[in-house]
Amino acid sequence: MDKKEVAAILNDIGTALELKGENPFKVRSYYNAARNIETIGEDINPLAKEDRLREIPGVGESIAEKIKELLATGKMKYYEDLQKELPEGLFEMLRIPGMGPKKIKAIWDELGITDVAALEYACHENRIAALPHFGERSQEKILEGIAFIKKAQGRYISSEIREQAESLENALKKDKNIIRISIAGSIRRRCETSKDIDIVVSSKKPEEVGEKFAALPQVATVTAQGETKVSVILKSNVAADLRIVDDRQFPYALHHFTGSKEHNVAMRGRAEKKFSMKMNEYGLFAVGKGKGGEDKLIPCKDEAEIFQKLGLAYIEPELRENMGEIEAAEKGKLPKLIEEKDVRGVIHVHTDYSDGLGSIKEFTDACIKMGYEYMAVADHSATATYANGVDEKRLKKQHGEIDALNKKLKGFKIFKSTEVDILSDGSLDYSKDALKTFDFVIAAVHARMPNKELEMTKAVIKALENPYTSMLGHPTGRLLLAREPFKINIEKVIDACAANGVVIEINANPQRLDLDWRYVKRALEKDVKFCICPDAHRINDINDIKYGVAAARKGWATKADVVNCLPAAKFLAALKRN
DNA sequence: GCCGTTTTCGGCCCGACTGTTTTCAGTCG
């Protein structure tokens with residue numbers, strides 16, 4: 001059992017305790033412990049064996065004992081007892097917007113309802129409205145909420161939701177009553193998926209701005225409308241919140257609603273402990289320093305000044321996850337993050353030799369037009385028959401075509417590469433003779449792999465040790481909101497990349513963003529280099545590079561960490577080749 | 001349940017909005 005599974009169980013316990021109506025601080029302690037366990041940089045099993053679990057922040061005597069029991073026996077009595085006590089359906093009911101533990105418990109106690117289906121039925125029978133502290137409107141809202149989770153599952157890929165957020169932002173920008181405006185929340189932090197859209201604006205006429213927002217053509221229904229906040233559901237079924245503040249408050253509100261929640265909690269803690277300041281969406285205040293002992297606002301013209309007042313360098317939104325950014329900002333050790341313009345080469349392009357839509361020439365022309373300096377063709381290998389994989393005979397033809405094009409090109413270079421399948425025994429899907437003919441080789445896992453973590457990890461590590469492997473493509477195979485990552489020990493894979501000088505791909509396809517940014521940070525600590533690749537199957541996919549850059553930024557990468565920020569010759573020199 | 005160069009007990013981030021109430025609890029971010 002790994003730390004992720006342990007953390008998931010602790011999270012479940014937290015939720016269960018909430019449903020039971022336990023002390024909220026006790027509940028929080030389980031969530032805290034789960035969160036901290038997820039982010040420790042080592043395996044949890046040795047920690048338990050050496051009795052060092054309590055070194056993890058948020059893990060005290062009681063939780064440490066429970067984890068020890070879980071790791072030693074595979075079971076935790078406390079958890080099992082809670083599960084027996086609470087019907088499973090209650091947890092699903094929590095996903096209904098507006099339904100929290102208290103309401104669910106009340107409905108359970110009063111009506112014996114323990115799942116979403118029964119709840120929906122009870123609403124139709126008008127039995128919820130009759131409960132104390134519920135009414136007609138509550139019942140309607142529950143039905144709306146159930147419809148919402150049924151339809152949307154509640155999360156969206158970054159590229160899709162960002163587009164919608166920008167369309168709202170652009171529509172609002174035309175309003176002269178708006179002084180400053182910014183997208184906030186997880187979209188601004190460049191998370192790989194988001195639940196909803198947050199926009200912050202400043203204005204002297206909040207009500208008019210709110211009216212305007214509620215009346216935008218993108219909006220389907222208005223779910224809340226107050227002086228500082230308007231919540232809507234868009235026609236796309238995405239929820240969007242607009243926060244309207246006074247212009248003086250804008251920097252504080254932008255910081256607050258950008259989050260993450262964990263970053264904000266840490267910032268508030270710092271403000272209070274080190275500076276006796278209070279922080280919320282309306283300002284940063286010196287406690288008791290105003291007239292008559294009131295709190296006094298510390299003026300800040302922008303976010304950078306807020307950080308400065310708290311003794312910190314400016315923290316880019318992507319880094320605000322309370323994953324060490326505050327400590328680094330204090331010491332002036334924040335990285336200078338990579339930017340889109342730093343990327344010089346388009347690596348991992350599928351042409352019409354395999355499953356790409358476009359010839360080598362067409363991709364080349366597009367790359368040149370977009371200002372790139374080099375490109376690497378990387379079609380599928382022969383085993384990938386589903387993708388029209390290239391056999392060794394057609395490979396020769398492709399290489400001839402690339403050589404001919406390179407002769408004509410000036411100031412642009414096409415590299416010969418491949419996305420070669422890692423086979424189930426860890427060998428690569430081309431012969432040595434064929435592998436020799438590439439400028440460099442990207443190895444990647446596709447179908448027909450062992451479904452056991454140990455075997456899968458072993459096969460991939462064997463491929464990384466192959467002298468011809470220069471780069472590992474989409475390391476976990478995840479498809480966001482659609483397919484779970486492979487069962488693979490990614491920590492061991494990262495170690496093997498470090499040991500063998502293999503570069504890891506950050507696959508920039510917005511549905512993949514694989515390697516996950518959390519592991520990008522981890523791998524950087526081990527001096528692994530990255531390559532941001534669009535995995536382009538059509539010309540337009542080259543534009544996905546920007547999502548890969550966002551993921552790299554979120555993982556703390558600088559341009560020095562990313563090999564395709566180098567000029568062509570140095571790029572090639574940075575890769576392990578045989 | 002966790003935590004502590006003010007604390008081993010008494011805190012634990014904070015404010016808006018909604019719906020049900022007639023002063024507030026629950027939810028959300």
Side-chain angles (χ1 to χ4, degrees), chain A residues 10 13-14 17-19 21-37 53-67 78 93-107 128-142 144-145 154 184-187 189 194-200 206 210 222-232 239-245 249 252-253 255-274 276-285 287 295 322:
Chain A
L10 293 177
I13 292 175
L17 294 177
E18 268 193 298
L19 287 168
E22 267 281 4
N23 174 355
F25 299 110
K26 182 171 169 177
V27 170
R28 188 187 301 166
S29 64
Y30 277 95
Y31 288 135
N32 269 342
R35 203 184 120 74
N36 287 324
I37 284 167
L53 285 170
R54 295 192 60 181
E55 288 176 24
I56 305 167
V59 176
E61 197 184 344
S62 166
I63 293 182
E65 279 308 311
K66 292 188 175 82
I67 296 172
Y78 184 64
M93 283 163 71
L94 269 175
R95 289 176 44 228
I96 302 168
M99 290 292 280
K102 303 266 167 55
K103 288 188 185 172
I104 290 171
K105 186 163 190 304
I107 289 172
I128 300 297
L131 292 178
H133 301 288
F134 289 82
E136 283 284 333
R137 188 70 194 113
S138 304
Q139 183 168 281
E140 269 172 50
K141 283 211 148 184
I142 291 172
E144 286 167 17
S186 58
I187 301 176
R189 297 201 315 279
S194 295
K195 194 160 69 66
D196 54 16
I197 295 170
D198 287 296
I199 297 177
V200 180
V222 179
T223 50
Q225 191 161 5
E227 225 176 276
T228 67
K229 177 183 168 183
V230 181
S231 299
V232 302
D241 281 347
L242 181 72
R243 309 279 178 161
I244 311 158
V245 296
Q249 300 165 330
Y252 315 101
H255 177 266
H256 180 90
F257 292 114
T258 295
S260 66
K261 197 177 167 192
E262 291 78 9
H263 168 88
N264 287 353
V265 168
M267 287 285 285
R268 283 203 196 97
R270 180 184 175 85
E272 202 211 322
K273 283 194 195 85
K274 292 211 161 181
S276 296
M277 291 180 190
K278 195 178 90 176
M279 210 179 161
N280 61 32
E281 58 263 57
Y282 300 116
L284 181 63
F285 302 93
V287 175
D295 297 342
N322 194 26

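Chain naming here is simple, since letters A, B, ... match the order of the sequence lines and numbering starts at 1 in each. Computed from heavy atoms alone, side chains included, the values below leave out hydrogens, waters and symmetry copies.
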| Counting heavy atoms not belonging to Glu140(A), are there more than 12 under 6.0 Å from its CD? | yes

| said: For dT8(B), give the paired nucleotide (Watson-Crick: N1-N3 plus N6-O4 or O6-N4; G-U: N1-O2 and O6-N3; both under 3.5 Å), or none. | reply: none

Starting from [atom2] on [N], measure out to [atom1] on [X] and report it in whole angstrom.
| X | N | atom1 | atom2 | result |
| --- | --- | --- | --- | --- |
| Gln225(A) | dT18(B) | CD | C1' | 14 Å |
| Asp295(A) | dG15(B) | CG | C1' | 14 Å |
| Arg54(A) | dG4(B) | CZ | P | 11 Å |
| Leu17(A) | dC2(B) | CG | C1' | 14 Å |
| Glu272(A) | dG4(B) | CD | C1' | 14 Å |
| Lys26(A) | dG10(B) | NZ | C1' | 17 Å |
| Glu55(A) | dC3(B) | CD | P | 12 Å |
| Phe285(A) | dG15(B) | CZ | P | 9 Å |

Rounded distance in Å between the [atom1] positions of [N] and [M]:
| N | M | atom1 | result |
| --- | --- | --- | --- |
| dC24(B) | dC9(B) | C1' | 30 Å |
| dT7(B) | dC2(B) | C1' | 14 Å |
| dT18(B) | dT23(B) | C1' | 15 Å |
| dC3(B) | dT8(B) | C1' | 10 Å |
| dA16(B) | dT21(B) | P | 24 Å |
| dT27(B) | dG10(B) | P | 29 Å |

| request: Would you mind reporting whether Ile37(A) and Ile67(A) have side-chain heavy atoms less than 4.5 Å apart? | output: yes

| Contact check, side chains of Glu281(A) and Thr228(A), non-hydrogen atoms, under 4.5 Å |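 In short, these two side chains do not touch, never coming nearer than 4.5 Å.
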
Is [X] close enough to [N] that one of its side-chain N or O atoms is under 4.0 Å from OP1 or OP2 there?
| X | N | answer |
| --- | --- | --- |
| Asn280(A) | dC14(B) | no |
| Lys273(A) | dC3(B) | no |
| Thr228(A) | dA16(B) | no |

How is [X] classified with respect to the nucleic acid when contacts are heavy atoms under 4.0 Å: base, sugar-phosphate, or nothing?
| X | result |
| --- | --- |
| Val27(A) | nothing |
| Pro57(A) | sugar-phosphate |
| Asn32(A) | nothing |
| Lys66(A) | sugar-phosphate |

| query | Where the side chain of Lys278(A) is concerned, which of dG19(B), dG1(B), dG15(B) is the nearest nucleotide? | reply | dG15(B)

Treating [X] as the side-chain partner and [Y] as the backbone partner, does any N or O pair qualify as donor plus acceptor under 3.5 Å?
| X | Y | value |
| --- | --- | --- |
| Asn36(A) | Pro57(A) | yes |
| Ser231(A) | Thr223(A) | no |
| Ser260(A) | His263(A) | yes |
| Arg268(A) | Met279(A) | yes |

| task | Sugar-phosphate atoms are those with a prime plus P, OP1 and OP2; base atoms are the rest. Using that split, label each nucleotide of nucleotides 20-29 of chain B B, S or - for protein heavy atoms under 4.0 Å, 5' to 3'. | result | S-----SSSS

| What form does the base of dT7(B) take, syn (within 90° of 0) or anti? | syn

| message | So, using salt bridge (charged side-chain N to carboxylate O under 4.0 Å, His left out) as the criterion, who are the partners of Lys278(A) when residues are at least two apart? | response |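 Asp295(A).
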
| said: Pick the closest DNA chain B nucleotide for Ala224(A) and for Phe25(A) by heavy atoms, then say which residue is nearer the 5' end. | reply: Phe25(A)

| query | How far apart are the C-alpha atoms of Glu22(A) and Tyr30(A), what are their side-chain angles, what is the distance that settles it, and do they pass the side-chain hydrogen bond (donor to acceptor under 3.5 Å, both in side chains) test? | reply | CA-CA 12 Å; Glu22(A) 267 281 4; Tyr30(A) 277 95; over 6 Å; no

